[in-house]
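To keep things clear, I will list the structure first and then write my remarks on it.
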Amino acid sequence: AKRQGRNTWQWYQDISKTTAKLQSVTLRHDLHHALNEDQLELYYQPQVDAVTGHITSVEALVRWNHPIRGFVSPIEFIPLAEQTGLIVPLGRWVLRQACKEIVRFNADREQPLPVAVNISSLQFRRDGFLEEVQQALAETGLPPQLLELEITESVLLDGSWQVIELLEDLKKMGVQVALDDFGTGYSSLSYLRDLPTHKVKLDRSFIKDIGNDHRIAAIVQGIITMAHHMDMCVVAEGIETTAQLKDLSRYQCDLLQGFYFARPMPLDTLLSLPKTLPETKESS
Ligand code: C2E
Ligand code: MG
Ligand code: MG
Ligand code: MG
């Protein structure tokens with residue numbers, strides 16, 4: 001009976017592996033159509049000033065509305081797009097769309113807001129990326145100062161000198177660059193030394209445990225202090241509670257982003273948002 005049990009288990013595992021594989025194959029196939037058939041949409045999540053609560057910028061986050069499966073998370077399909085190379089046209093679409101929509105958003109505001117766009121390492125390191133950025137700005141009329149690119153330290157996996165050169169070129173153009181998911185990689189500190197970026201985004205995994213682990217709190221304080229000494233600005237990702245908000249303000253974190261203030265939202269909702277986000281209600 002024991003043996004049989006194991007066979008059944010094995011069989012079950014094989015089936016579920018096959019199913020998972022099939023699903024990813026289908027999804028990969030569907031992703032090709034997503035771009036052409038208008039199934040992608042950008043949502044926007046505000047970043048707020050930790051002192052004033054004013055919205056200082058918004059991050060564009062891509063959403064896929066699959067005709068059968070419904071909403072598919074970018075955590076699932078961005079890696080697929082990277083495997084298939086589809087990240088190149090997809091990333092180009094995201095960049096242009098974000099520039100276009102923020103221009104629309106800014107049209108009737110006195111204080112224009114910058115938009116932050118996530119850039120996959122593959123997209124960033126590909127020849128012609130700088131031109132792609134210039135083209136998106138030229139076609140949409142967005143001033144370079146209102147564009148911020150979010151990259152992760154994986155852009156430095158190899159050929160780092162070219163990446164640094166590219167970052168310098170972007171800086172000269174006036175485009176801002178932020179280091180996303182900071183603290184999750186392997187040699188974060190040396191990357192901070194080498195990368196000419198103006199902003200670091202502390203990964204949500206730190207924020208999650210900041211209140212119940214004094215070592216994490218120490219790391220966060222250390223990163224903030226260090227970044228400030230390097231004239232960099234720090235954003236905390238994934239603020240969900242008042243306690244986290246208080247801790248990060250105490251540690252002098254500059255900007256905050258998270259469900260506590262606002263979830264990512266479609267452009268229409270963003271258009272009707274007040275300038276200051278209330279710090280009173282706890283998000284569900
Ligand atoms: P990210 O760039 O680090 O984006 C932050 C993620 O955290 C977003 O997930 C956002 O919805 C989520 N988040 C924000 N505040 C909170 C919070 O308080 N609590 C929790 N639990 N989550 C929060 P999302 O939109 O699912 O995106 C996941 C990742 O997918 C992004 O992480 C980014 O790496 C990637 N991604 C999203 N859009 C794009 C894109 O257009 N291009 C590329 N290359 N990657 C993208
Ligand atoms: Mg990001
Ligand atoms: Mg992040
Ligand atoms: Mg992340």
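Computed from a prediction, not measured in an experiment: that's the story for all the values here. Both counts, for ligands and for their atoms, begin at 1 and track the order of listing. The residues of the chain are indexed from 1 along the displayed sequence.
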- [ ] Mind listing the protein N/O/S atoms less than 2.8 Å away from the Mg ion (ligand 2)? Waters don't count.
- [x] E59 OE2, N118 OD1, E150 OE1, D180 OD2

Open item on the list: Can you pull out every ring-ring contact (aromatic ring centres under 6.0 Å, His included) where at least one residue sits in residues 56-87? Sequence neighbours excluded, please.
Closed with: W64-H66, W64-F77

Task: For I239, atoms of ligand 1 separated by under 4.0 Å from a heavy atom - done: 18 (O)

Open item on the list: Looking only at side-chain N and O atoms, does Q145 offer a donor or acceptor that is under 3.5 Å from a partner on Q176?
Closed with: no

Open item on the list: Less than 3.5 Å apart, any donor N or O on the side chain of Q47 or T56 sitting next to an acceptor on the other?
Closed with: no

Task: Close approach, G91 and ligand 1, non-hydrogen under 4.0 angstrom - done: no

TODO: Please state which part of L61 comes within less than 4.0 Å of ligand 1, counting heavy atoms only: side chain, backbone, both or neither.
DONE: both

- [ ] For atom 36 (N) of ligand 1, state which one of G258, P74, A262, A81 supplies the nearest heavy atom.
- [x] P74

Open item on the list: When you measure from the heavy atoms of Q257 to every atom of ligand 1, does any distance fall below 4.0 Å?
Closed with: no

Open item on the list: Applying ring-ring contact (aromatic ring centres under 6.0 Å, His included) as the test, list every pair that has at least one member in residues 81-101; sequence neighbours left out.
Closed with: none

Open item on the list: Can you pull out every ring-ring contact (aromatic ring centres under 6.0 Å, His included) where at least one residue sits in residues 196-239? Sequence neighbours excluded, please.
Closed with: none

Open item on the list: Would K201 count as a contact residue for ligand 1, given that I'm defining contact as a non-hydrogen atom of the residue lying under 4.0 Å from a ligand atom?
Closed with: no

TODO: List every atom of ligand 1 that sits less than 4.0 Å from any heavy atom of E240, numbering the atoms from 1 in the order shown and giving each element.
DONE: 17 (C), 18 (O), 19 (N), 20 (C), 21 (N)

Open item on the list: Checking contacts here: is it the side chain or the backbone of Q45 that comes within 4.0 Å of ligand 1, counting heavy atoms only? Could be both or neither.
Closed with: side chain

